[in-house]
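Everything on this sheet refers to the single structure shown next.
These numbers were taken from a predicted model, which means no experiment stands behind them. Proteins come first, then strands; the chains are lettered A, B, ... in the order of their sequence lines, and each starts at number 1.
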Amino acid sequence: MAGDALRLHQQRIPTGDRPRRLAEPVLGRQSGNTYNPRLNCRYSVINASGCRRTPYRVRLEAHHHPQLGFPWCNTRSSMPAYHPAQIEPKWQAFWEQRQTFRTPELPHGEKLYVLDMFPYPSGDGLHVGHPEGYTATDIVCRYARMQGKSVLHPMGFDAFGLPAEEHAIRTNTPPRVSTERNIANFCRQLKMLGFSYDWQRQLATTDVAYFRWTQWIFLVLFDTWYDAQAGRGRPIAELPIPPEVAQQGLAAVRLFQDEHRLAYQGEALVNWCPALGTVLANEEVVDGKSERGGHLVERRPLRQWMLRITAYADRLEQDLEQLNWSDSIKKLQSDWIGRSTGAEVDFFIGPTSGFPAWQAQRQVSGFPRRADEDVLRVYTTRPDTLFGATYMVIAPEHPFVERLTTKQQKEAVQQYRAKAAAKSDRERTDLVKEKTGVFTGSYAINPVNGQPVPIWVADYVLISYGTGAIMAVPAHDTRDFEFARQFDLKVIAVVDPGPPRGEGLDREAVLAGESCFAELGTAVNSGPYDGLTTAEFKARITHDLAETGLGREAVNYKLRDWLFSRQRFWGEPFPILHELDEQGQPNGLLRAVDPQDLPVNLPHLDDYQPHGRPEPPLMKAPEAWLYPVIDGQRYLRETNTMPQWAGSCWYYLRFIDPANEACFVDPVKERAWMPVDLYVGGAEHAVLHLLYARFWHKVLYDRGYVSTSEPFRRLVNQGMILGEMEYTGYRTGTGNWVGAQHVGKNADGLLVDKRRGDPVTEESVSADAVVRSSETLVLADDPAIRIDSRAFKMSKSRGNVVNPDQIVHDYGADALRLYEMFMGPLEATKPWSMDGVRGVAKFLDRAWRMIVEERAESLALSTAVRDCEPTSEQNRVIHTAIKDITRDLDHLQFNTAIARMMEFVNFFTKESTRPRVAMESFVLLLAPFAPHIAEELWQSLGHSDTLAYEPWPVFNEELTRSQTIEVPVQVGKKVRAKITVPANATSEQLEAAARTNEKIAAILAGVDIEKVIVVPGRLVNFQVK
RNA sequence: GCGAGAGUGGCGGAAUUGGCAGACGCGCUGGACUUAGGAUCCAGUGCCGCAAGGCGUGCAGGUUCAAAUCCUGUCUCUCGCACCA
């Protein structure tokens, strides 16, 4: 079969037919010339003589050089070692036909579920970053299959999303059309890379049969409330209804239930993006601009669907512990959840004369669940600094602002509020250094000492965190300190830092209120609490506050409830109906679509153009869709759609049972395959997707639909692949080049020549122009100029994007896979290098020629490959290769595994006899990495079936050891000699051998030996006086 | 500012976790193959030095017979977060 393929490319040309040039190309060393004629199948090779030394002749056939732009040909070439373009499609077809990677419904024996983060099928096709993680998981899966495990390795597409929507708006065609086209392209590219997915399980979040179950899970969320006491989600029917609510009738009960569901509607200050015509989640807004497109975002109150993820905050944080994720990702999640403990404290804001009565009243009634009208409630993590609270600040959006503002201050406060509202988040955070605010004119009373404290409005306090109000302790909080400095407010120190421990801490200044100290210390100026340490004080005062009804222990999270609705037309519709009153207006009561009536399909729209109002585009849907009639009753459909995250929250479950029409996943299969054993993807999903998916999973777990509390047991983040290294120098306006050593940034952040102050610009330098001097890279024609080399993110605008199609065309999929794994550690950020690709392509050539007879007319085994016993040295190479590669695979260290294979090939190409068993072991070791060439070689070694399920080679520890080893001998710190000893030499033997070594003996003669350290198998060290 | 990670040849990166620093690959130098080289093969390649030898894992100390690895301090870079009370 392969022979046929090869023969196509072989034609005899008459002996003596001299090669000719068709053109006179001036081919110097073209840097950046990536063209590889060996894989261009438009020329052919013949076997001219059969003599190894005689070069092969190429039949001349002009082909257009894609970069040099003129016809050019090789006049002589070695025979192309192998043709990836022939082999790879052949084996891809083989696997597909035979369904080699079809996964059983249920695992036999040990199971392994390996998941890739499924891609968004963009119109640009696959990026080289995708195959990085996908190759890694593919290697793990192929390796696991050879170890006899049942492997679930699926692929799908996260296909709802804005680009398809934008395309629809541009072209006024349904987004499904472009989405399906993009999916087809992605599939083609993924298959071209030879990944061993079970394609039978392919899914897209946009499939009606898929989002039907996304909607179904939404209904589960809708049907669940969080029982804080039990610490789990329960059916809404089990929600206790307070009697006073029950008395008010059914509608009141339903509203009460709606308030407690995990999916609820709430008036939220949302991020409305006029340019995109939609509301965005906090996570999708970066610096006050939309993450996608960078459009300005404004804050508006709107009624939106929310998911009560905050109810699960504690569990989401605590369960991180049991996961095999990198510490940095865990920490990212943990910070995002942002749990903090402290206390809530009420400051009395009624008339001063009423304070004692209020205090006494509180003593009796205790701390109310909801803050009264006459108090300002604050949250603090440092209740121990309560005595130092010299003023209070409320957020500009705080509901009490108006009440607390006195007549005199009214105008100033109103102006300030208006200004704060107009400010984008970006502006608010940009000027972090400069605090702004305005006095309300009112005072509150500090509950611990009865002192009046002024209440200010300032935008450094956020309405969305804690209670939207703070007690300010300028002596012990840097932000409060800055604010107090700005407005000349009182500073009272209540924490003594103690004797100076490090530099930069002036205890006297702290105690005098001239410096801020935000760490732990000992209490002062705190009445009865003086002398307590911060920790003791915290515990004591929290207890005392609770006793006197003035405060209570409290926990707060940075995490907010998840804004779950979008005003888009390319997303999952909500399976929710609004009840209508007599006038045909929604009456505020909701009805869930009956699960049997799912899916709620997307309606056909005639017109995709946005109207710029924060009203969902699905309001333009046909009447029949918008106003369904059920049981004789007319309803309004919910016209918001779910965010793109929805579909990716549970796709790993659907892969287990993708065709099930009766339920979202069969419980038996779910128990058999879950959890995901290895999940690989980019770090950009460290918080959002991974947090959302865990949240949904926990709800499903609470409701008994899944068997594990966490979905992803092990998570690995692949590093980013940067573009090819670029060289830059600096040039002045007059065109002169300046050495990097003279360039710096001036006060305005501009690049200037530091000597003269002239502005300079960074310019790219062609790699040709760069040469190496002994110390630095320099510009070839001017050794005085240093060049910086740097790699950048791939981007269209920079023009450094590498296209996987091109690499596969030039070097083959195996080379691409191998290169991406060889670049460096999976998790590291690393730059692309075309030369590196050529390097691994060369390795594949060599591996091929190690086994296959390259000179033969048809494919045949190399004559060096024989059925014979390996020599002991060969055995050592074979068995250490197996040992090392196996270990590296277990640790996902693919780069070193490939290095070991290269060593194997380097060794065996020099051997004139290559035992067949060695070659077979090698091919099996290579198979997970470069499966196409491995299958082809396996076939040429005489096997008819795929190697995908061949047992993984085993090594014999005995055979990995060589008989003699070389051991360094040190005198002092220096290695002075190396001795060759039997591998099992004892300490005594080693020392003796070292002493008798000529060189060592000479050095040791006449010196006092203080101590001799011998590490058997490692070294001998003589310590001398 | 806070947090995390990383600094090793000309470059990407190795180093069994304290035991010969620089595996493997790229690049470069020289050679072979009766012209040519972007094929292939061979040799060399951390730096200085003709050599003997010396110096070398950002920098400065420390522990140890022995440090890229452990400790202290410090500098630089990358990535997150960024008024979260």
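For B:C33 and B:C47, the C1' atoms lie 35 Å apart once the distance is rounded to whole Å. B:G3 and B:G10 have their C1' atoms separated by 35 Å, given to the nearest Å. When the P atom is used for both B:G37 and B:C28, the distance is 14 Å, rounded to whole Å. Taking atom P in both B:G49 and B:A4, one finds a spacing of 44 Å when rounded to whole Å. Spacing of C1' atoms, B:G46 relative to B:A15, comes out at 15 Å, to the nearest Å. Taking atom P on both B:G27 and B:U63, the two are 46 Å apart, rounded to the nearest angstrom. For the P atoms, the distance from B:U69 to B:C59 is 11 Å, rounded to whole Å. Going from the C1' atom of B:G13 to that of B:A23 covers 10 Å, rounded to whole Å.
A distance-only check finds a donor-acceptor pair linking the side chain of A:Asp888 to the backbone of A:Ala897 [under 3.5 Å]. Under a 3.5 Å cut-off, the side chain of A:Lys883 and the backbone N or O of A:Phe955 do not form any donor-acceptor pair. Between the side chain of A:Thr909 and the main chain of A:Val905, a donor-acceptor pair closer than 3.5 Å is present. A:Lys830 places a side-chain N or O within 3.5 Å of a backbone atom of A:Pro825 that can act as its donor or acceptor partner.
The glycosidic torsion of B:G9 lies within 90° of 0, placing the base in the syn range. Taking syn as a glycosidic angle within 90° of 0, B:U17 qualifies as syn.
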**Report entry** Strand RNA chain B in bracket notation, Watson-Crick/G-U under 3.5 Å with | for pairs to another chain
**Finding:** (((((((..(((......[....)))((((((.......))))))(((....)))..(((((..]....))))))))))))....

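Of the candidate nucleotides B:G3, B:G19, B:U40, B:U40 has the atom lying nearest to any side-chain atom of A:Lys842. For A:Glu903, whose side chain is taken as the heavy atoms from C-beta onward, the closest listed nucleotide among B:G12, B:G19, B:A23 is B:A23. Nearest to the side-chain atoms of A:Arg900 among the listed nucleotides B:G13, B:A85, B:A23 stands B:A23. Considering only the side chain of A:Met725, B:C11 comes nearest among B:G25, B:C11, B:A85. Considering only side-chain atoms of A:Asn906, the nucleotide from B:G19, B:C24, B:A85 that sits closest is B:C24. Relative to the side chain of A:Glu966, the nucleotides B:G13, B:C20, B:A23 differ in distance, and B:C20 lies closest. Listed nucleotides B:U40, B:G19, B:C11 differ in distance to A:Arg849; the shortest reach to its side chain belongs to B:U40. Ranking B:G3, B:A23, B:G19 by closeness to the A:Ala899 side chain, first place goes to B:A23. When distances run from any side-chain atom of A:Thr896 to the nucleotides B:G12, B:C41, B:A23, the shortest one goes to B:A23. The side chain of A:Asn1021 lies closest to B:A66 when the candidates are B:U16, B:G3, B:A66.
A:Phe922 meets the ring-ring contact (aromatic ring centres under 6.0 Å, His included) test with A:Phe904; sequence neighbours excluded. For A:Glu911, the side chain to side chain donor-acceptor pair (under 3.5 Å) criterion is met by A:Gln874, not counting sequence neighbours. Residues satisfying the ring-ring contact (aromatic ring centres under 6.0 Å, His included) criterion with A:Trp832, sequence neighbours excluded, are A:Tyr819. Listed by chain and number, the residues in a side chain to side chain donor-acceptor pair (under 3.5 Å) with A:Asn895 amount to none (sequence neighbours excluded). With sequence neighbours left out, A:Ala469 forms a side chain to side chain contact (heavy atoms under 4.5 Å, CB included) with A:Leu376, A:Val378, A:Ile394, A:His398, A:Thr467. Residues passing the ring-ring contact (aromatic ring centres under 6.0 Å, His included) test with A:Phe487, sequence neighbours excluded: A:Trp456, A:Phe483. Here A:Ala444 pairs with A:Phe347, A:Ile349, A:Met392, A:Val453, A:Ile455 under the side chain to side chain contact (heavy atoms under 4.5 Å, CB included) rule; sequence neighbours left out.
Side-chain to base pairing of A:Lys1011 with B:C65: no donor and acceptor N or O lie closer than 3.5 Å to each other. Below the 3.5 angstrom threshold, one finds no donor paired with an acceptor across the side chain of A:Arg790 and the base of B:U78. For A:Asp835 against B:C26, no side-chain N or O and base N or O form a donor-acceptor pair under 3.5 Å.
Heavy atoms of A:Lys910 sit under 4.0 angstrom from primed sugar atoms or phosphate atoms, though from no base atom. Residue contacts shown for A:Ser340 are limited to sugar-phosphate atoms, with no base heavy atom under 4.0 Å away. A:Leu332 comes within contact range of the sugar-phosphate backbone alone, with a heavy-atom separation under 4.0 Å but no base atom that close. Residue A:Asp327 is out of contact with every strand shown, counting any heavy-atom pair closer than 4.0 Å. Across all strands, A:Thr829 comes closer than 4.0 Å only to sugar-phosphate atoms, never to a base (heavy-atom distances). Note on A:Gly839: only backbone sugar-phosphate atoms sit closer than 4.0 angstrom, heavy atoms only; bases stay farther off. Here A:Asp480 lies out of heavy-atom contact (under 4.0 Å) with every strand. Within 4.0 Å of A:Arg887, counting heavy atoms only, lies no atom of the nucleic acid at all. A:Ser833 comes within contact range of no nucleotide atom at all, as no heavy-atom separation falls under 4.0 Å. Residue contacts shown for A:Met901 are absent, as no nucleic acid heavy atom lies under 4.0 Å away.
Checked by atom type, the side-chain pair A:Asp561/A:Thr310 shows a donor-acceptor distance below 3.5 Å.
Rounded to whole Å, the distance from CH2 on A:Trp848 to P on B:A39 is 20 Å. Taking atom CE on A:Met850 and atom P on B:U40, their separation rounds to 16 Å, with Å as the unit. A:Ile898 places its CD1 atom 18 Å from the P atom of B:G12, with the value rounded to the nearest Å. Taking atom CZ on A:Phe843 and atom C1' on B:A23, their separation rounds to 15 Å, with Å as the unit. Rounding to whole angstrom units, CE of residue A:Met823 and C1' of B:C11 are separated by 13 Å. To the nearest angstrom, C1' of B:A39 lies 9 Å from CG of A:Asp845. Rounded to a whole Å, the CG atom of A:Leu844 is 13 Å from the P atom of B:U40. In this structure, the CE atom of A:Met902 is 7 Å from the P atom of B:C26, given to the nearest Å.
Between A:Arg887 and A:Asp884, at least one side-chain nitrogen of the basic residue sits less than 4.0 Å from a carboxylate oxygen of the acidic one, meeting the salt-bridge criterion.
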At a cut-off of 3.5 Å, list every protein nitrogen or oxygen paired with a nitrogen or oxygen from nucleotides 54-57 of chain B, distance to 0.1 Å.
{"from": "B:C55", "atom 1": "OP2", "to": "A:Lys974", "atom 2": "NZ", "distance (Å)": "3.4"}

